[in-house]
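Residue numbers start from 1 in every chain, and the chains themselves are labelled A, B, ... in the order their sequence lines are given, proteins ahead of strands. Here the structure is a predicted model, which is why all the values come from computation and not from measurement.
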Amino acid sequence: MSTEAAAESGTQDAVPAHRYTAALAGRIESRWQDHWEDKGTFQAPNPSGSLADPGAAAGREKLFVQDMFPYPSGAGLHVGHPLGFIGTDVFARFHRMNGRNVLHTMGFDAFGLPAEQYAVQTGQHPRKTTEANIETYLRQIRRLGLGHDDRRRISTIDPGYYKWTQWIFLQIYNSWFDARVNKARPIAELEAEFAAGERATADGRAWAELSASDRQRELNSFRLAYLSEAPVNWCPGLGTVLANEEVTADGRSERGNFPVFRRNLRQWMMRITAYSDRLVDDLDRLDWPDKVKAMQRNWIGRSQGARVSFAAGEHAIEVFTTRPDTLFGATYMVLAPEHPLVDALVPDAWPSDVDSRWTSGAATPAEAIATYRRAASMKSELERQENKDKTGVFVGAYAENPVNGAKIPVFVADYVLSGYGTGAIMAVPGQDTRDWDFAEAFGLPIIRTVRPSDGFEGKAFTGDGPAINSGFLDGMAVAEAKPRMIAWLEERGVGEGTVQYKLRDWLFSRQRYWGEPFPIVYGADGVPRALPESMLPIELPEVDDYSPKTFDPEDAQSEPFAPLGRATDWVEVELDLGEGKQTYRRDINTMPNWAGSCWYQLRYIDPYNTETLCDPGAEQYWIGKDPAKHGANDPGGVDLYIGGVEHAVLHLLYSRFWQKVLFDLGHVSSEEPFRKLFNQGYVQAYAYTDSRGSYVPAEEVVERDGKYFLGDQEVNREYGKMGKSLKNVVTPDEMCDNYGADTFRLYEMSMGPLELSRPWATKDVVGAQRFLQRLWRNLVDEESGELRVTDTSPDEDTLRALHKAISGVREDYQNMRNNTAAAKLIELNNHVTKRFSAEAGTPRQVAEAMVLMLAPLCPHVAEELWSRLGSTESLAHGPFPVAEERYLVEDSVEYPIQVNGKVRSRVVVPADAGVDQVKAAALAEEKIVAALAGGEPRKVIVVPGRLVNVVL
RNA sequence: GCCCCCGUAGCCCAAUCGGUAGAGGCAGGCCCCUUAAAAGGGUCAGAGUGUCGGUUCGAAUCCGAUCGGGGGCACCA
């Protein structure tokens with residue numbers, strides 16, 4: 001039974017009227033939430049632009065703290081969602097109390113598949129359900145007391161917001177990447193180069209000879225946003241195409257887990273690959289978890305190597321290799337089954353004396369290859385990955401190793417991927433495990449070109465060592481042999497050093513309704529034209545049916561159909577785009593939901609600007625480079641960005657790319673969107689299944705002797721996510737009802753370090769509740785509600801405890817160790833309880849400091865106590881206590897004395913005692929004298945302030 | 001298969017530079033308050049740091065193996 005219920009059921013003598021109960025907490029919390037809202041307590045002034053209050057911003061150090069903004073799901077919040085939000089709030093509040101101008105707010109990532117799917121399920125317009133969900137979400141997070149500047153809330157679905165998303169698209173569309181200066185430039189500058197004849201057109205004609213459409217085509221091939229007719233990921237089950245980043249390793253959609261097929265379709269792409277080097281290199285300038293950096297490096301997949309050309313009859317097979325030093329060991333070649341040269345190379349008949357393993361028993365090479373290709377195409381991605389047995393078939397032709405003229409057979413095998421490098425490899429079994437496996441299976445020669453280290457007993461040797469069997473490379477280490485070979489190849493024109501990337505261009509269009517329309521129309525010639533900025537935003541048209549056309553998930557041959565195509569009145573539009581009034585057709589794709597989240601940090605800064613996406617002065621102030629504070633190499637960006645690790649290569653890569661384009665074009669001064677990134681852990685939960693394997697309500701399960709029961713039925717415990725279907729959801733609303741938001745916040749923060757995932761345990765919440773009750777009781781009389789604070793000065797012990805806590809708590813907050821900060825507050829409160837609960841009250845000095853230190857974690861109860869202590873001002877802007885050094889140093893120190901590393905005794909000496917004095921005191925201690933038995937110690941180690949170790 | 005992170009009381013977690021293994025919470029024992037109850041108050045106990053080995057005067061901390069858990073990548077040439 002809750003205390004609230006008890007109080008109402010007539011047994012109120014049992015609960016003192018002024019105890020800090022959930023009911024009282026609830027009243028305090030809503031009162032302070034109203035107060036903060038009325039007073040605009042968390043509004044952060046800008047130096048310029050909208051929301052400007054230059055006087056208030058000037059002279060204050062700023063701090064921009066950002067949460068990965070949520071998608072407003074219809075399911076509402078569970079206790080896991082606010083973990084990071086509370087973490088940022090505590091951090092923001094601590095710094096606000098220390099005088100910083102803190103920008104902290106939260107908006108909504110409200111476009112996208114899930115919103116649309118939810119709308120389809122509920123039969124309502126996505127805007128309606130999404131906006132309703134946002135309302136629910138705001139109500140839920142308001143109860144948590146997050147100190148957001150609510151003037152800065154944005155939502156990606158607002159036309160005032162997506163106008164700028166579209167504007168950025170136009171910027172990207174209207175730029176090209178100039179590799180000579182490694183940055184984006186306006187397309188107009190490229191056009192000028194063409195017009196001036198400084199740059200040759202693709203087919204060599206002069207610019208003046210090209211028709212308008214041809215010129216557009218030429219320019220389009222350079223744009224950073226471009227239409228491409230290329231193999232893309234088509235997901236019939238979702239009815240849309242997907243970016244590579246949205247497809248899992250086993251070839252299914254990340255959302256919905258539907259099969260994904262490669263299809264040639266005309267789609268919008270973003271030339272993110274132009275930024276590969278900068279995206280990799282600038283990771284070194286970021287304060288991000290190594291794990292996330294590693295994932296991005298891995299995804300971009302930069303590898304240094306060489307392109308080598310192998311002659312094969314009148315053809316040349318181009319390969320990419322990271323090991324040009326092993327070229328002498330290339331004993332065969334492999335083409336991907338889809339490689340375009342395969343058909344050209346295949347002879348009519350097998351060469352004589354061909355190995356029977358190479359032909360798969362087929363009568364001719366063409367037949368063997370046709371059979372092999374068919375078999376390969378039948379294999380799913382998953383099968384391909386699970387079964388790593390090497391298969392392949394001989395093409396029937398030979399190529400020539402350029403380095404020694406050796407005649408080497410050419411194979412087709414599916415272990416070579418058409419999508420990476422050139423889709424062809426030189427196989428060096430001696431130094432490559434995969435090639436070794438293939439060579440063994442097909443009886444191909446193996447030549448070692450690196451001498452394995454002593455005692456090496458494996459097959460392929462991939463380590464470093466001196467080159468052998470390699471002519472002019474012999475004796476060189478790998479690092480030396482590589483450039484030597486590249487130089488040799490380049491001299492002869494049969495190869496060159498090159499860099500290869502795994503990163504592909506970003507597929508940017510979706511065949512969905514609920515997203516940003518493209519600001520693009522097509523003329524009668526089918527060539528896309530950008531709409532002028534003045535026409536933005538291009539608003540989503542109303543349609544009768546906004547559901548996407550989805551298909552049988554396995555139907556690879558289905559065709560995407562974009563819902564916007566149904567808005568026929570909208571699609572056809574008459575405009576004058578400088579070519580006279582003409583009829584155009586609008587692009588009916590929408591942008592992926594990553595678009596809106598690519599740049600929202602900029603809009604938080606200046607949410608109301610109608611002239612530009614973000615005021616330059618405000619941008620510079622909040623996320624500009626700050627070499628004085630962060631070093632000469634500082635790229636700028638949000639000071640702290642907290643979110644889950646699941647966005648490591650999606651959102652975080654895309655937004656870095658956009659930021660860099662905007663930087664190149666001069667729209668922002670910062671090169672990176674997020675200077676420091678932090679991944680919070682997840683709140684996980686136990687779930688229970690009965691004997692039939694179905695989930696039972698977790699809250700009704702009890703533990704007995706290490707087993708779990710629902711009634712008398714034993715159930716099985718699982719650990720993992722919190723979710724409706726697992727029947728283990730606990731909501732923040734329940735926590736606020738039963739304990740209060742402050743207790744909930746405190747509990748979430750004291751469960752462990754923020755970066756750690758941890759199991760939810762409702763029964764543990766009471767610990768946080770008890771602490772706040774005790775602290776309250778130390779300051780407020782539970783019976784009368786009178787303040788229990790005295791003006792007496794605290795004793796020495798109390799002052800020491802207080803200042804030790806101040807110093808520790810301050811440091812903990814600074815480093816986001818909210819769990820240990822909470823522990824130190826509890827420790828201090830325990831001291832206060834012991835010392836003053838039997839007295840008239842707590843000394844004011846201690847009471848005030850304790851309340852202020854509690855404020856970042858539990859702001860409502862802290863504000864309440866602070867005002868009861870007599871302040872008329874909110875404590876949101878401080879002061880935050882500062883420790884006095886003199887209470888941190890002890891008068892005397894107790895040294896443990898070890899004998900051979902084991903503690904044998906202790907001695908107390910003055911804190912300012914020198915090493916010799918400590919040593920003398922230790923050696924004079926009676927147990928040590930006994931241990932020495934008149935002899936001399938071999939060595940005495942004194943660690944000042946720590947211990948003494950006597951070595952016998 | 002490769003790479004990364006983590007193993008400390010029954011549970012969640014602390015422990016600056018290697019320096020007395022314990023700050024805090026839950027659960028547990030005992031006592032007080034109470035007609036009774038507890039989400040009240042007090043108090044007590046509890047592990048030698050997954051395992052093995054090494055470095056050191058001294059190891060939870062550093063190094064090497066090994067086991068267990070979590071995550072990422074995965075025929076990327």
Side-chain angles (χ1 to χ4, degrees), chain A residues 1-3 6 11 13-16 19 21-22 249 289-292 294-295 298-299 301 303 305 319-323 326 334 384-385 387-390 413-417 419-428 431-435 437-438 500-502 645 648-649 703 706 738-739 743 746-747 750-753 755-761 763-771 773-774 777 782 808 811 817 819-827 829-830 833-834 837 894-903 906 937-952:
Chain A
M1 185 187 281
S2 76
T3 46
T11 54
D13 344 322
V15 179
R19 172 165 292 173
T21 59
D290 288 338
K291 182 186 172 150
V292 177
M295 283 162 76
N298 209 310
W299 186 258
S303 41
V319 303
F320 172 73
T321 176
T322 55
R323 294 294 302 274
T326 63
V334 185
R384 234 175 103 111
Q385 279 164 35
N387 183 3
K388 292 196 176 167
D389 290 343
K390 296 291 174 286
D414 66 358
Y415 84 92
V416 171
L417 308 175
Y420 185 75
T422 61
I425 62 157
M426 65 177 212
V428 187
Q431 271 75 230
D432 185 287
T433 345
R434 296 153 302 181
D435 296 345
D437 293 345
F438 190 88
Q500 189 68 44
Y501 304 88
K502 263 164 66 179
V645 72
V649 287
E703 183 185 351
N738 298 336
Y739 300 94
T743 295
L746 180 66
Y747 172 63
S750 40
M751 289 166 88
E755 64 271 25
L756 230 68
S757 291
R758 66 295 296 277
W760 178 261
K763 66 179 176 57
D764 291 0
V765 179
V766 65
Q769 167 89 333
R770 282 181 192 149
F771 160 62
Q773 271 176 2
R774 280 193 281 252
R777 193 182 298 122
E782 287 192 331
E811 197 174 316
R817 291 190 302 246
N819 54 327
T820 50
K824 288 179 174 101
L825 287 171
I826 294 169
E827 199 180 355
N829 190 57
N830 287 349
T833 305
K834 222 172 252 177
S837 60
E894 187 188 62
Y895 279 82
I897 309 170
Q898 296 182 339
V899 176
N900 291 338
K902 298 264 186 278
V903 179
R906 282 151 209 284
R938 283 209 316 197
K939 200 172 176 185
V940 180
I941 293 144
V942 179
V943 184
R946 290 289 183 182
L947 54 53
V948 181
N949 189 8
V950 179
V951 185
L952 297 182

- request: Taking syn as within 90° of 0 and anti otherwise, name the glycosidic form of B:C17.
  value: syn

query: Which residue, A:Asn819 or A:Val649, contacts RNA chain B at a nucleotide closer to its 5' end, judged by nearest heavy atom?
result: A:Asn819

field: Donor-acceptor pair (no angle test) under 3.5 Å: A:Arg906 side chain, B:U20 base
entry: yes

query: Checking all strands, does A:Ser303 fall into the base, sugar-phosphate, or nothing category for heavy-atom contacts under 4.0 angstrom?
result: sugar-phosphate

message: With a 4.0 Å limit, can you tell me whether A:Arg770 has a side-chain N or O closer than that to the phosphate oxygens OP1/OP2 of B:A38?
response: no

- prompt: Pick the nucleotide of RNA chain B nearest each of A:Trp299 and A:Ala768; which residue has the one closer to the 5' end?
  reply: A:Ala768

query: Can you find a heavy atom in the side chain of A:Gln769 that is under 4.5 Å from one in the side chain of A:Tyr747?
result: no

message: Please name the nucleotide paired to B:A23 by Watson-Crick or G-U wobble geometry with both distances under 3.5 Å, or report none.
response: none

- line: Per atom distances to the A:Asn298 side chain, the nearest of B:C73, B:G72, B:G40 is B:C73

- prompt: Which is true for A:Thr833 with a 4.0 Å heavy-atom rule: it touches a base, it touches only sugar-phosphate, or it touches nothing?
  reply: sugar-phosphate

message: Counting only Watson-Crick pairs (N1-N3 plus N6-O4 or O6-N4) and G-U wobbles (N1-O2, O6-N3), all under 3.5 Å, who is the partner of B:A9?
response: none

query: Along nucleotides 54-60 of chain B, 5' to 3', which nucleotides get a B, which get an S, and which get a -, given that the test is a protein heavy-atom distance under 4.0 Å?
result: ---BS--

field: Counterpart base for B:A39, defined by Watson-Crick or G-U wobble contacts under 3.5 Å
entry: none

N/O-N/O pairs, protein side and nucleotides 10-12 of chain B side, under 3.5 Å:
unit_1: B:C12; atom_1: O2'; unit_2: A:Met751; atom_2: O; d: 2.9

- request: Could you tell me which nucleotide pairs with B:C2 by Watson-Crick or G-U wobble geometry, both distances under 3.5 Å, or answer none if nothing does?
  value: B:G72

- prompt: For B:A60, which nucleotide is its Watson-Crick or G-U wobble mate, given both distances must be under 3.5 Å?
  reply: none

message: Using a 4.0 Å heavy-atom cut-off, does A:Val766 contact any base of the nucleic acid, only the sugar-phosphate backbone, or nothing at all?
response: sugar-phosphate

message: Mind checking if A:Asp432 touches a base, just sugar-phosphate, or nothing, with heavy atoms under 4.0 Å?
response: nothing

- prompt: Is the base of B:G48 syn or anti, where syn means the angle lies within 90° of 0?
  reply: syn

